[in-house]
Amino acid sequence: MQTLAAGTSVRLPTRSRGFTLLELMVVITIMGVATAGVALSMRDSATTTLEREAQRLGALLESARAQSRMSASPIRWHTTETGFVFEGAAAGTLPTQWVSPDVQAESKPIVLGPEPIIGPQSILLRSVSNPTQRLTLATDGVRPFAVRDAEAAPAAQP
């Protein structure tokens, strides 16, 4: 029998074992979560575009409402063939077109101020390429304009 000198170590040949079942399950779980995240982030482009335009229009309407209150003169929003217009706002301060040409709005003219309470208002936004994609931008007259499903919001008020 061979003996080793004190302080020396013997390295036995190790065998490559591969991955354990637990390691494989962890990797598969991580891949599943990543795949689900990608799938959820890739939504229908028409819906995403419509939601962005609705949020943008909501911000523009609130900006026009603030301008109206500051200037003590009403600002009137209405649709046009090429987009929309804010009558009574300072020239060039608010845009007049949609970012996406796929958006169309249906609404009666909306008067924004100068009073702090303007009455219930709503605007129906629709995708031109997919008319079933619809959203409503609405306010109760006190709160800011908010995006809602087309079925959940009340009809446009004069």
Evaluate the side-chain proximity of [Y] to [X]: yes if any heavy-atom separation is below 4.5 Å, no if none is.
| X | Y | answer |
| --- | --- | --- |
| I118 | R65 | yes |
| T49 | Q133 | no |
| L112 | F86 | yes |

Considering only residues two or more places apart or on different chains, which pairs with a residue in residues 115-130 satisfy salt bridge (Lys or Arg N to Asp or Glu O under 4.0 Å)?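 Qualifying pairs: E106-R126.
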Under a single-linkage rule joining Ile, Leu, Val, Met, Phe, Trp and Tyr whose side-chain heavy atoms are separated by less than 4.5 Å, which residues share a cluster with [X]?
| X | value |
| --- | --- |
| V142 | I117 |
| L24 | F19 |
| M25 | L21 |
| V111 | none |

Test: ring pair (Phe, Tyr, Trp, His ring centres under 6.0 Å). Region: residues 123-147. Which pairs qualify, not counting sequence neighbours? none
Filter on ring pair (Phe, Tyr, Trp, His ring centres under 6.0 Å), then keep only pairs touching residues 91-114, sequence neighbours left out; what's left?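 Every ring pair (Phe, Tyr, Trp, His ring centres under 6.0 Å) pair that includes a residue of residues 91-114, provided the two are not neighbours, is F84-W98.
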Gap separating the CD atom of E51 from the CG atom of L125, nearest 0.5 angstrom: 11.0 Å
Distance check, rounded to the nearest 0.5 Å: L50 atom CG versus S127 atom OG? 6.5 Å
Output all residues satisfying side chain to side chain donor-acceptor pair (under 3.5 Å) with T93, sequence neighbours left out; order by chain, then residue number.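 Side chain to side chain donor-acceptor pair (under 3.5 Å) check on T93 returns nothing, list empty.
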Results of side chain to side chain donor-acceptor pair (under 3.5 Å) for S71 - residues two or more places apart only: S73
If the condition is side-chain contact (heavy atoms from CB on, under 4.5 Å), which residues does P101 pass it with, not counting sequence neighbours?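 Applying side-chain contact (heavy atoms from CB on, under 4.5 Å) to P101 gives none.
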Main-chain N/O of V99 paired to E53 side chain as donor or acceptor, under 3.5 Å: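 Yes, the answer is positive, given that a donor and an acceptor are paired below the 3.5 Å cut-off.
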Do side-chain atoms of T35 reach the backbone of M31 as a donor and acceptor pair under 3.5 angstrom?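 It does hold such a pair.
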Pairs meeting criterion side chain to side chain donor-acceptor pair (under 3.5 Å) with involvement of residues 80-92, two or more places apart: R76-E87, H78-E87
Tell me every residue that passes salt bridge (charged side-chain N to carboxylate O under 4.0 Å, His left out) with R69, counting only those two or more places apart in sequence or in another chain.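 R69 satisfies salt bridge (charged side-chain N to carboxylate O under 4.0 Å, His left out) with no residue once adjacent residues are dropped.
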